[in-house]
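Predicted model only: the values in this text are computed from it and were never measured.
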Amino acid sequence: CAKERGRNCYSFYTRELGTRVEEQAELENALHQALANNELELHYQPKVDLKTGQISGVEALIRWRRPGIGVIPPDRFIPIAEETGLILPIGEWVLRAACAQAVAWHREGHPPIPVAVNLSARQFRQQNVADMVRATLEETGLAPARLELELTESVLMQDRNTIAHTLRELKALGVMLSLDDFGTGYSSLSYLKDLPIDVVKIDKSFLSDVTTSAEGASLTRSIIAMAESLHMATVAEGVETEGQLSFLNRHRCHAMQGYYFSHPVTGPEIAEMLSAGTELPEHCRRREL
Ligand code: C2E
Ligand code: MG
Ligand code: MG
Ligand code: MG
């Protein structure tokens, strides 16, 4: 900026910033009402077993449908919910709704597939999370083995003893624990080796690289191999192409999740897929050697 224009540039900057702060405040206000107004809903994305080609589970993903505005994606409001603490009631609602849906599918006659729920750092840290999960399982009647909790690496970047204790409490309930977005944080698989983690979900940023860069391919390969040696199952996120699938099959990844098979869909749509026996085509499955 030229000197005499400096003031204008500055006020332009603060105006932009002001708008963003207002937007944020507006979103926060609206989010306070969202739960009571029934504006939150869950979509479910199938996970597919690469050996059988069949749906082996689903992940619950929250959506906020704002009247007159449209659907707000979780990346825009989960961080606000985290900051304000609203994630605690929202997170409980998600867990209850997802467990109830899993029970409902089973009652409709579908095979009992596990449902995965994302737990945020604040939920993991601030609630007596294991008690909350136990109460929700009891209330909904879902078998603990049919619930999977997805944690990100940021959750694990706290005091190691506290984390290990909480993870063991959760594990003692009989639920499955998975590490979401693996590879984007700072944890190494060796850091995880004494923690009761069952599944590693390879972040979608790696998948976008496996067919285009040698580094991406070798990183993904080594994540799969290390997880295997630590007896953890692997799920690849964000699988969009057949090329990515054949890579995963060659390197013996266990399961996939991504637009190639299905976008996140509604509960009834999952029921339809289960009824129809929707599965991965034969040539996309992992062949036994
Ligand atoms: P995540 O748990 O890693 O979920 C996977 C995200 O990848 C979802 O985005 C999903 O729609 C998207 N995805 C799936 N397949 C593909 C693909 O093939 N290509 C691409 N590009 N993307 C794909 P979504 O639903 O927007 O959720 C974003 C994040 O928001 C989630 O990432 C999770 O961290 C958070 N989130 C969603 N629901 C909840 C919730 O109920 N509680 C909490 N605490 N966080 C949630
Ligand atoms: Mg997840
Ligand atoms: Mg993820
Ligand atoms: Mg994510």
Side-chain angles (χ1 to χ4, degrees), residues 44-61 73-75 113-114 116-119 121 148-157 163 167 176-264 279-289:
Y44 300 88
Q45 188 178 36
K47 300 181 188 184
V48 182
D49 183 295
L50 284 171
K51 261 192 211 166
T52 65
Q54 289 172 348
I55 296 176
S56 55
V58 293
E59 176 176 8
L61 294 159
D75 287 334
I113 51 165
V117 170
N118 294 285
L119 271 198
E148 180 176 336
L149 299 173
E150 296 194 2
L151 313 161
T152 56
E153 290 171 80
S154 63
V155 170
L156 304 185
M157 294 295 109
I163 292 156
L167 289 176
M176 292 200 294
L177 299 177
S178 64
L179 193 59
D180 206 351
D181 303 345
F182 186 78
T184 56
Y186 299 99
S187 60
S188 62
L189 279 175
S190 64
Y191 173 84
L192 306 174
K193 82 173 172 3
D194 302 318
L195 300 175
I197 305 278
D198 305 292
V199 181
V200 170
K201 296 189 75 180
I202 305 166
D203 190 67
K204 51 179 174 287
S205 59
F206 289 94
L207 266 290
S208 52
D209 286 349
V210 293
T211 51
T212 54
S213 95
E215 291 82 9
S218 75
L219 276 171
T220 307
R221 213 161 49 223
S222 50
I223 294 175
I224 296 171
M226 278 191 287
E228 185 82 52
S229 67
L230 295 172
H231 308 291
M232 296 177 190
T234 43
V235 179
E237 302 187 301
V239 178
E240 297 182 354
T241 69
E242 223 167 284
Q244 292 168 343
L245 266 180
S246 69
F247 177 92
L248 295 170
N249 283 328
R250 243 183 354 263
H251 299 291
R252 320 196 61 70
C253 183
H254 296 99
M256 65 78 82
Q257 185 181 344
Y259 298 164
Y260 182 82
F261 186 80
S262 170
H263 279 72
E279 55 183 25
L280 263 188
E282 199 91 43
H283 73 276
C284 291
R285 299 182 200 166
R286 179 176 144 179
R287 245 170 300 236
E288 284 318 290
L289 298 175

Taking all non-hydrogen atoms of both residues into account, name the closest pair between A236 and L248 and its distance.
CB-CD1, 3.5 Å
Which heavy atom in S213 sits nearest to a heavy atom in G216, and how many Å separate them?
OG-N, 2.8 Å
Mind checking whether F247 and H251 have parallel, tilted or perpendicular rings, split at 30° and 60°?
tilted
Nearest 0.5 Å, please: how far is CD1 in I224 from CD1 in I202?
4.5 Å
Quick one: closest heavy-atom pair of P264 and Y259, and the distance?
CD-CE2, 4.2 Å
Any donor-acceptor pair under 3.5 Å from H254 side chain to V235 backbone
no
Interatomic distance, K47 atom NZ to I55 atom CD1 [nearest 0.5 angstrom]
12.5 Å
Considering non-hydrogen atoms only, spot the tightest contact between T184 and F206 and give its length.
N-CE1, 4.4 Å
Step by step, work out the side chain to side chain contact (heavy atoms under 4.5 Å, CB included) result for L245 and M256.
CA-CA 8 Å; L245 266 180; M256 65 78 82; 3.9 Å; yes
So do the side chains of I113 and V58 get within less than 4.5 Å of each other, counting heavy atoms only?
yes
Could you point out which residue of E59, H263, Q257 forms a side chain to side chain donor-acceptor pair (under 3.5 Å) with Q45?
Q257
Rounded distance [0.5 Å steps], OG1 in T234 versus CG in L179:
12.5 Å
Please assess L61 against N118 for the test side chain to side chain contact (heavy atoms under 4.5 Å, CB included), listing each intermediate value before the final yes or no.
CA-CA 8 Å; L61 294 159; N118 294 285; 3.8 Å; yes
Tell me whether D181 contacts the main-chain N or O of E153 through its side chain, where contact means a donor paired with an acceptor under 3.5 Å.
no
Report yes if the side chains of L192 and L156 come closer than 4.5 Å at any heavy-atom pair, otherwise no.
yes
Atom pair OG/CD of S56 and E279 - distance to nearest 0.5 Å:
12.5 Å
Can you find a pair of side-chain heavy atoms, one from L167 and one from L151, that are under 4.5 Å apart?
yes
N/O donor-acceptor pair under 3.5 Å between D180 side chain and T152 backbone:
no
Does the side chain of V155 come within less than 4.5 Å of L119's, by heavy atoms?
no
Minimum heavy-atom separation for S178 to E150, with atom names?
OG-CG, 3.2 Å
CZ/F182 to CE/M226 distance, rounded to the nearest 0.5 angstrom?
6.5 Å
Quick one, V239 and F261 - any side-chain contact, counting heavy atoms below 4.5 Å?
no
Tell me, do T52 and R285 make a side-chain contact under 4.5 Å, heavy atoms counted?
no
If you define the side chain from C-beta out and look only at heavy atoms, does anything of Y260 sit under 4.5 Å from L280?
yes
When you measure from the side chain of Q244 to the backbone N and O of L207, does any donor-acceptor pair fall under 3.5 Å?
yes
What is the distance from atom CG of D198 to atom CE of M176, rounded to the nearest 0.5 Å?
6.5 Å
Closest non-hydrogen atom pair, R286 against C253:
NH1-O, 3.1 Å
